Amino acid sequence: MGRLKNKILSMTLAGSLAIGSLSVINITDIAEAKKDPEKAKNVIVLVMDGVSSSATTLARWYKGEPLAMDEILTGGVRTYSAESAITDSAPAGTAMATGNKSNDKFVGVLPEEVTSPGVNPRLADKAYKPVANVLEGAKISGKATGIVSTSEIQHATPAGFSSHAAHRSEYDHIAEQQVYQNMNVVLGGGKNSITLGEGEKNRKDGENLLEVIENKGYDFVETREELLSSKSSKLWGAFAPAELAYDLDRKKTQPTQPALAEMTGKAISTLSKDKDGFFLFVEGSKPDWAAHANDSIGMISDILSFDAAVKEALEFAKKDKNTMVIAVSDHGNSGLSIGSQKTTKTYPNTPVSAYVDPLKKAVMTLEGAMKQLKPDRSNLAEAAALYGLDNLSAEESMLLNESANLQKTFVELLAARANIGFTTGGHTGEDLFLYSYGPGKPEGLVENTDLAHAVASALGFDLEKLDKQLFIDAETAFKAIGAKVKVDVSNAENPVLLVKKGKTTAEFPVNKNIVIINGKEIELDSVNVQTNGNFYVSKAAVQLVKKTK
């Protein structure tokens with residue numbers, strides 16, 4: 001629908017606005033606290049994607065000293081989805097953000113299929129319905145909010161904390177919702193999805209979200225230097241067209257990109273300016289990508305990078321004394337084992353050095369080393385050495401020279417040298433460690449859905465009640481007040497819900513937090529979402545139309 005030019009009016013928690021004789025309902029009741037929970041002013045949730053307990057152990061051995069996470073180990077997390085013992089990142093992120101188990105590829109919406117024991121099968125009665133997340137609850141409660149990621153910010157896990165979509169691949173919808181969520185800080189990759197272009201993930205709907213971001217008053221930064229020098233209270237950092245580099249490779253291949261710990265520290269210092277507190281989500285995304293490739297070096301690189309971000313969060317929380325920190329992995333990946341068939345009979349007397357020393361020879365991850373390889377493979381030995389494969393044996397040289405899949409051969413040769421194993425190139429379903437600190441922290445063996453409720457309780461709102469306020473079926477709700485409803489798809493990429501009630505005409509553009517009533521644009525408390533053909537809007541939006549004269 002092009003750039004929005006009308007003045008935006010803010011619909012605040014206790015505020016009101018008027019259109020003629022229109023009065024607006026008070027929405028403070030949607031953040032009703034549970035009885036006597038431990039409260040936190042701030043909450044920081046950090047997720048390392050695709051990290052099993054074995055990977056954490058290997059990273060600790062590699063580092064040679066305790067991890068920051070070790071200090072706050074408090075329990076374990078069960079990670080299964082609504083239909084599988086092994087979850088994808090999308091339903092895992094949805095569970096941790098909304099308190100609801102969901103299906104493979106679903107982002108911030110209820111499942112269509114429920115087969116896992118213990119999951120309420122009635123969730124499928126409202127399949128694809130968007131459900132409120134903890135970031136939205138924090139925002140409604142008046143707190144500053146932010147997300148940080150080393151992947152595209154539109155990737156599955158950060159998307160689960162900031163958007164609602166039927167499929168994790170819907171980057172166009174996810175990106176637009178994130179922009180109109182009005183978060184205070186957004187840092188990571190994914191510039192392609194906020195700009196127009198012909199690339200696979202560029203926007204095709206005609207709306208340049210970069211212009212919208214700038215019009216909303218963000219300081220838009222693209223380098224580490226710009227980020228660290230910014231004084232703005234609203235920050236949007238897009239440091240790569242897609243994902244950021246692995247931490248081990250970053251200084252050599254992408255020196256202008258910030259480290260995850262730097263993004264986390266800057267996000268905390270920016271958000272903590274809000275006297276009402278904040279909610280921050282941080283993801284170390286690429287351990288998962290490395291695990292899919294069985295790249296032990298990439299896994300270690302970005303587990304340690306994530307741990308440095310946890311250290312930033314803990315240092316703030318210890319000084320603040322009113323901040324909950326949760327750190328966790330969303331699922332396992334690769335079936336990494338410290339030990340392999342080679343160590344079947346030798347494991348009792350195989351020292352730590354036998355596993356770690358071969359890995360420490362690598363100076364780049366698999367991704368980094370492969371990017372240094374020339375197309376004609378003339379520097380194959382040099383690229384292999386970057387990945388720790390130095391002093392090649394005759395057999396290793398033969399395997400490399402004859403390999404039709406060098407990435408696979410690289411990781412297999414290094415795994416053999418380091419006596420480690422992998423069972424899969426996919427996700428795994430084991431329980432994972434829970435790390436937590438501060439008021440209201442979850443402890444013990446918990447479901448991943450329990451994390452969302454722990455955050456909501458600590459911040460003083462109820463997710464189920466919030467959901468009933470933020471996402472109701474638009475057609476049903478508007479027809480109940482005597483309005484006529486249709487969807488305008490004249491612009492197929494930007495459908496608009498049209499509502500007619502008497503002399504009142506209301507337009508609800510998809511993925512935006514606005515309604516245009518009789519030509520006047522009004523900012524709403526949540527984004528308008530369309531999933532599986534159905535529109536969902538907030539209860540406050542329906543009341544707004546009902547009360548307009």
Side-chain angles (χ1 to χ4, degrees), residues 1-11 15-27 29-30 108-110 112 125-132 136 140 163-166 170 172-173 176-177 179-181 205-207 465-549:
M1 58 181 287
R3 291 179 61 186
L4 305 172
K5 298 180 180 179
N6 295 321
K7 183 178 180 182
I8 294 179
L9 304 176
S10 179
M11 190 176 188
S16 64
L17 52 82
I19 302 175
S21 60
L22 173 66
S23 63
V24 175
I25 63 168
N26 188 303
I27 60 171
D29 63 337
I30 69 176
V109 300
L110 292 178
E112 184 179 41
D125 294 344
K126 295 182 178 180
Y128 294 98
K129 177 195 172 299
V131 277
E136 290 165 330
I140 289 294
S163 67
H164 311 271
E170 296 177 8
D172 50 350
H173 300 307
E176 190 170 18
Q177 288 181 42
V179 169
Y180 284 91
Q181 283 282 19
D205 66 350
E207 182 172 24
K465 186 171 184 179
L466 177 67
D467 181 59
K468 291 176 181 178
Q469 296 290 336
L470 291 191
F471 297 108
I472 59 177
D473 184 270
E475 183 175 2
T476 301
F478 283 120
K479 285 184 176 179
I481 64 171
K484 296 180 180 179
V485 179
K486 72 173 184 177
V487 178
D488 179 3
V489 291
S490 56
N491 181 342
E493 298 291 340
N494 295 291
V496 178
L497 179 71
L498 300 179
V499 180
K500 180 75 173 177
K501 180 178 179 290
K503 295 182 179 180
T504 299
T505 300
E507 304 170 52
F508 292 85
V510 71
N511 300 323
K512 294 179 171 61
N513 68 327
I514 65 168
V515 59
I516 302 168
I517 298 182
N518 295 338
K520 292 188 177 181
E521 184 179 305
I522 303 163
E523 186 170 306
L524 300 170
D525 47 306
S526 65
V527 290
N528 310 313
V529 177
Q530 185 186 41
T531 55
N532 204 34
N534 297 319
F535 255 90
Y536 297 87
V537 299
S538 68
K539 187 174 182 180
V542 176
Q543 293 296 317
L544 197 57
V545 174
K546 182 179 180 180
K547 292 176 179 288
T548 304
K549 296 181 181 179

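Given the structure is predicted, the values throughout are model-derived calculations rather than measurements. Keep in mind that the numbers below use all heavy atoms, side chains included, and drop hydrogens, waters and symmetry copies.
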Could you walk me through whether Glu112 and Tyr128 pass the side-chain contact (heavy atoms from CB on, under 4.5 Å) check? CA-CA 7 Å; Glu112 184 179 41; Tyr128 294 98; 3.3 Å; yes
For Pro495 and Gln530 the tightest heavy-atom approach is CG-OE1, 3.4 Å
So how far is it from Lys539 NZ to Gln469 CD, rounded to the nearest 0.5 Å? 5.0 Å
Between Glu136 and Leu470, is any pair of side-chain heavy atoms under 4.5 Å apart? yes
Give, for atom CG of Asn513 and atom CG of Leu524, the distance between the pair rounded to the nearest 0.5 Å. 6.5 Å
Scan side-chain atoms only and decide if Asn518 and Thr505 contain a donor-acceptor pair under the 3.5 Å cut-off. no
If every non-hydrogen atom of Lys126 is compared with every non-hydrogen atom of Leu110, which pair is closest and at what distance? O-CB, 3.6 Å
Specify the closest pair of heavy atoms between Val545 and Lys501, including all atoms of both residues, with the distance to one decimal. O-CD, 4.3 Å
Closest non-hydrogen atoms of Asp525 and Ala540, given as atom of the first, atom of the second and distance, are OD1-CB, 3.6 Å
Working to the nearest 0.5 angstrom, can you tell me the gap between Asp488 CG and Phe508 CZ? 14.0 Å
Would you say Val487 and Val496 make side-chain contact, with heavy atoms under 4.5 Å? no
Side-chain ion pair, Glu207 and Lys512, N-O less than 4.0 Å: yes
Are Ile516 and Ile522 packed together at the side-chain level, in the sense that at least one heavy-atom pair is separated by less than 4.5 angstrom? no
Side-chain heavy atoms of Glu170 within contact of Glu176, under 4.5 Å: no
Should we count NZ of Lys468 as having more than 12 external heavy atoms under 6.0 Å? no
Thr531 and Pro130, any side-chain heavy atoms less than 4.5 Å apart: yes
Side-chain touch His164/Phe471, heavy atoms, less than 4.5 angstrom: yes
Go through Ile517 and Thr504 one step at a time and tell me if the side-chain contact (heavy atoms from CB on, under 4.5 Å) criterion holds. CA-CA 7 Å; Ile517 298 182; Thr504 299; 3.9 Å; yes
Heavy atoms of Thr548 and Leu544 approach each other most closely as OG1-O, 2.6 Å
To the nearest 0.5 Å, how far apart are CD in Glu523 and CD1 in Ile514? 9.0 Å
Any side-chain heavy atom of Val527 within less than 4.5 Å of one from Tyr536? no
Using side-chain contact (heavy atoms from CB on, under 4.5 Å), reason through Val109 and Val131 one step at a time and then give a plain yes or no. CA-CA 6 Å; Val109 300; Val131 277; 5.7 Å; no
Taking the side chain as C-beta and beyond, is there a heavy-atom pair between Asp205 and Asp172 under 4.5 Å? no
Which heavy atom of Ala506 sits nearest to which heavy atom of Val515, and what is that distance? CB-CG2, 4.0 Å
Can you tell me how far CD of Gln177 sits from CD of Gln181, rounded to the nearest 0.5 angstrom? 7.0 Å
Is Asp467 reaching over with its side chain to a backbone N or O of Ala132, donor-acceptor style, under 3.5 angstrom? yes
Check the pair Val510, Leu497 against side-chain contact (heavy atoms from CB on, under 4.5 Å), reporting the backbone distance first and the verdict last. CA-CA 7 Å; Val510 71; Leu497 179 71; over 6 Å; no
